[in-house]
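Following: one structure in structure tokens, then a few remarks.
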Amino acid sequence: MTEREQHVHEGVHGYSGSKMWVRPEDPLLRERLEWFQDQKLGLMMHWGPYSQIGAVESWALSDEDAAWSRSELEWDVDGEELKRHYFGLNRSFNPVRFEPRVWADLAAEGGFKYFIFTTKHHDGFCMWDTDTTDYRITGPDCPFRSHRYADACKHLFDAFREKGMAIAAYYSKADWHTPDYWKPGIAGGSRRGPNYDPQEDPEAWERFVAFTHAQIDELTTRYGRIDALWLDAGWVRREEGQDIRLEEAVERARRSQPWLLAVDRTVGGPYENYVTPEQTVPEAPLFVPWESCITIGDAFSYRFDERYKPTRDIVALLLEVVAKGGNLALNVAPQPDGRLPRQAAERIRELGAWLAVHGEGIYRTRICEPYFADECAFTRREDRVYVYRLYRDEEEQVPEQIAVPYRGPVSRVELMGADEPLSFKIVDQGLVICLPPSEAEQGRTAPYAYGFRLFV
């Protein structure tokens with residue numbers, strides 16, 4: 001199976017793969033991609049009116065995706081009535097317990113280095129104070145409009161920047177609410193793309209292009225420094241007859257924000273500066289900048305009965321992603337009332353505590369052979385190789401000696417969290433490291449992973 005053919009999550013997305021990646025010509029953008037590869041861990045959040053119903057973000061609006069996206073909705077209505085119900089959710093969206101700095105504080109404690117926030121999903125509801133539509137969090141029909149944090153993007157971006165984190169603005173190029181993308185009254189339902197042929201009504205399409213450019217302009221001129229414009233809805237592309245002239249919007253944004261990375265995901269080419277697998281990790285390392293966006297539970301949007309991944313699994317996921325050369329964008333979905341789910345917050349704090357000891361082999365590192373093998377993850381920085389031996393089960397027996405498949409020269413080995421050298425020996429299969437006696441006690445719970453510094 002090729003990289004392009006890998007599909008995830010009910011077939012909604014694949015990813016473009018390394019062969020479609022284009023190295024930027026601009027030295028500043030190349031520098032920013034090096035910065036991006038240093039970060040390793042981003043916090044992603046999908047939040048909007050859809051959080052009230054536990055739906056799969058806004059996908060229930062698409063008739064093309066009805067079979068899987070509407071299966072958990074209990075509205076006993078036809079597709080058109082369902083859409084009317086959905087588009088009315090803005091009138092009840094009132095997250096009065098939303099505290100942006102609480103989110104930012106937790107992210108900092110969790111070791112996150114950047115923040116990806118859904119400014120607008122495919123449903124067209126804007127989480128910022130836009131002039132382009134009334135279908136927004138500060139709009140006349142949204143009860144949250146009078147709240148002191150009503151302009152959610154502004155307050156979140158400011159709060160996360162105050163904690164030293166970079167900002168990526170998720171923005172869907174599709175918009176199922178605006179009449180110049182989905183025209184009202186057209187028979188046959190609605191698919192992901194426009195429900196008319198842009199070639200047959202170029203005036204309507206040009207209005208949509210202008211609308212899209214105006215929204216991107218607002219996000220990149222009114223909301224402070226934006227480090228990445230994270231663009232979803234990969235079907236909106238020139239090859240599909242949906243040319244929004246994205247290059248014009250991005251290059252205009254770069255006049256004031258020349259460092260801006262563009263992430264036209266699943267499209268490839270010069271405006272997909274890094275590749276974004278979704279809900280999956282590539283089988284082998286990718287030798288281009290990339291980021292896997294993966295949920296802390298089962299879904300990107302809030303579910304009332306969500307099952308959250310154990311912290312042990314999150315650590316293993318992070319280590320595999322980083323060992324294969326990528327970043328992990330861990331998605332956490334806020335509740336309808338604006339709070340973060342308690343279990344998700346617990347996982348984040350536990351992850352942060354582990355990173356406080358073991359993060360030196362994760363942040364600002366690059367890949368190192370053999371990458372990810374035999375339950376070991378490898379990274380490198382300067383004259384140090386870092387190896388993590390994963391334990392998938394807390395009941396797994398921890399031996400006194402740990403074998404790792406690293407065959408390079410080694411002069412000294414240390415356990416992260418300690419400075420004393422460990423005994424080791426070089427064998428045909430790699431390296432055998434002797435743990436301190438305190439780490440191999442009978443009945444001791446296996447750690448998430450042991451981290452070792454190898455001085456080479």
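Because only heavy atoms are used, hydrogens play no part in the values below, and waters and symmetry mates are left out as well, while side chains stay in. From a predicted model like this one, the values you see are computed outputs, not experimental measurements. Quick note: residue numbers are just sequence positions, from 1.
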**Message:** Test side chain to side chain donor-acceptor pair (under 3.5 Å) on H358 and Y448; report intermediate values, then the result.
**Reply:** CA-CA 11 Å; H358 298 88; Y448 301 151; over 6 Å; no
So, does [X] use its side chain to make a donor-acceptor pair with the main chain of [Y] at under 3.5 Å?
{"X": "K40", "Y": "L318", "result": "no"}
{"X": "T138", "Y": "R145", "result": "no"}
{"X": "W103", "Y": "G338", "result": "yes"}
{"X": "K309", "Y": "T295", "result": "yes"}
{"X": "R225", "Y": "A166", "result": "no"}
{"X": "R222", "Y": "L219", "result": "no"}
{"X": "Q242", "Y": "G193", "result": "no"}
{"X": "T118", "Y": "M45", "result": "yes"}

**Request:** Please lay out, stage by stage, how R389 and E396 fare under the test salt bridge (charged side-chain N to carboxylate O under 4.0 Å, His left out).
**Result:** CA-CA 12 Å; R389 180 18 171 119; E396 187 173 346; 3.5 Å; yes
**Item:** Derivation and outcome, side-chain contact (heavy atoms from CB on, under 4.5 Å), residues L422 and E414
**Value:** CA-CA 6 Å; L422 300 177; E414 295 176 353; 5.7 Å; no
When you check the side-chain N and O atoms of [X] and [Y], is any donor under 3.5 Å from an acceptor?
{"X": "Y450", "Y": "E439", "result": "yes"}
{"X": "E291", "Y": "W230", "result": "yes"}
{"X": "H46", "Y": "N331", "result": "yes"}
{"X": "E272", "Y": "S16", "result": "yes"}
{"X": "E278", "Y": "S292", "result": "no"}
{"X": "H121", "Y": "S58", "result": "yes"}
{"X": "Y171", "Y": "K120", "result": "yes"}

**Message:** Walk me through whether H122 and R192 qualify under side-chain contact (heavy atoms from CB on, under 4.5 Å).
**Reply:** CA-CA 9 Å; H122 314 323; R192 295 181 197 168; over 6 Å; no
Is [X] atom [atom1] crowded by more than 12 heavy atoms from other residues, nucleotides or ligands, each under 6.0 Å away?
{"X": "E420", "atom1": "CD", "result": "no"}
{"X": "R384", "atom1": "CZ", "result": "yes"}
{"X": "R30", "atom1": "CZ", "result": "yes"}

**Verdict with reasoning, E360 to Y386, per side chain to side chain donor-acceptor pair (under 3.5 Å)** = CA-CA 9 Å; E360 67 173 281; Y386 297 92; 3.2 Å; yes
**Prompt:** Should the ring pair Y149 and H147 be called parallel, tilted or perpendicular, given that the plane angle runs from 0 to 90° and is split at 30 and 60?
**Reply:** tilted
**Message:** Angle between ring planes, F208 versus Y181, binned at 30° and 60°: parallel, tilted or perpendicular?
**Reply:** tilted
**Prompt:** Stepwise, does the salt bridge (charged side-chain N to carboxylate O under 4.0 Å, His left out) test hold for R32 with D227?
**Reply:** CA-CA 9 Å; R32 293 306 294 167; D227 296 276; 3.1 Å; yes
Side chain proximity check, [X] to [Y], heavy atoms < 4.5 angstrom:
{"X": "P405", "Y": "C376", "answer": "yes"}
{"X": "T119", "Y": "C126", "answer": "no"}
{"X": "L156", "Y": "I167", "answer": "no"}
{"X": "C153", "Y": "D151", "answer": "yes"}
{"X": "Y302", "Y": "P341", "answer": "yes"}

Can you give me the closest heavy-atom contact between [X] and [Y], atom names plus distance?
{"X": "Q257", "Y": "T220", "value": "NE2-O, 2.9 Å"}
{"X": "A344", "Y": "Y308", "value": "CB-CE2, 3.8 Å"}
{"X": "L43", "Y": "V332", "value": "CD1-CG2, 3.7 Å"}
{"X": "G451", "Y": "Y388", "value": "CA-CD2, 3.7 Å"}
{"X": "K324", "Y": "E283", "value": "NZ-O, 3.2 Å"}
{"X": "A377", "Y": "F372", "value": "CB-CD1, 3.8 Å"}

**Message:** With side-chain contact (heavy atoms from CB on, under 4.5 Å) as the test, pick out the partner of D131 among Q215, R136, E218.
**Reply:** E218
**Request:** Run through I367, T379, L317, L41 and flag the one making a side-chain contact (heavy atoms from CB on, under 4.5 Å) with V322.
**Result:** T379
**Request:** Report the C-alpha separation of H177 and F125 in whole Å, then their side-chain angles, then the decisive distance to 0.1 Å, and conclude whether the ring-ring contact (aromatic ring centres under 6.0 Å, His included) test is met.
**Result:** CA-CA 8 Å; H177 184 267; F125 185 81; 8.9 Å; no
**Request:** I would like to know whether I296 and I314 meet side-chain contact (heavy atoms from CB on, under 4.5 Å); could you show each step before the answer?
**Result:** CA-CA 8 Å; I296 198 170; I314 297 169; 3.7 Å; yes
**Asked** Does anything in residues 20-42 pair up under ring pair (Phe, Tyr, Trp, His ring centres under 6.0 Å), and if so which pairs, sequence neighbours excluded?
**Response** F36-Y114, F36-Y274
**Asked** Should R364 and E382 be marked as a salt bridge (charged side-chain N to carboxylate O under 4.0 Å, His left out) after you check the CA-CA gap, both sets of side-chain angles, and the distance that decides it?
**Response** CA-CA 10 Å; R364 298 184 293 111; E382 299 171 351; over 6 Å; no
**Request:** Given ring-ring contact (aromatic ring centres under 6.0 Å, His included), test W47 with F93 step by step and report yes or no.
**Result:** CA-CA 11 Å; W47 193 44; F93 187 49; 5.5 Å; yes
**Request:** Tell me, with the steps shown, if Q335 and S51 meet side chain to side chain donor-acceptor pair (under 3.5 Å).
**Result:** CA-CA 7 Å; Q335 297 178 172; S51 64; over 6 Å; no
**Message:** With salt bridge (charged side-chain N to carboxylate O under 4.0 Å, His left out) as the criterion, how do R245 and D243 come out once you've worked through the C-alpha distance, each side chain's angles and the decisive distance to 0.1 Å?
**Reply:** CA-CA 5 Å; R245 302 196 304 278; D243 184 7; over 6 Å; no
cation_pi([X], [Y]) dist<6.0 Å, angle<=45:
{"X": "R191", "Y": "W235", "value": "no"}
{"X": "K113", "Y": "Y363", "value": "yes"}
{"X": "R380", "Y": "F378", "value": "no"}

**Message:** Quick one, F115 with R161, criterion side-chain contact (heavy atoms from CB on, under 4.5 Å). Give me CA distance, side-chain angles, the key distance, then yes/no.
**Reply:** CA-CA 9 Å; F115 177 53; R161 283 195 207 97; over 6 Å; no
**Prompt:** Checking side-chain hydrogen bond (donor to acceptor under 3.5 Å, both in side chains) against D123, which of W176, Y50, Y86, Y135 comes through?
**Reply:** Y86
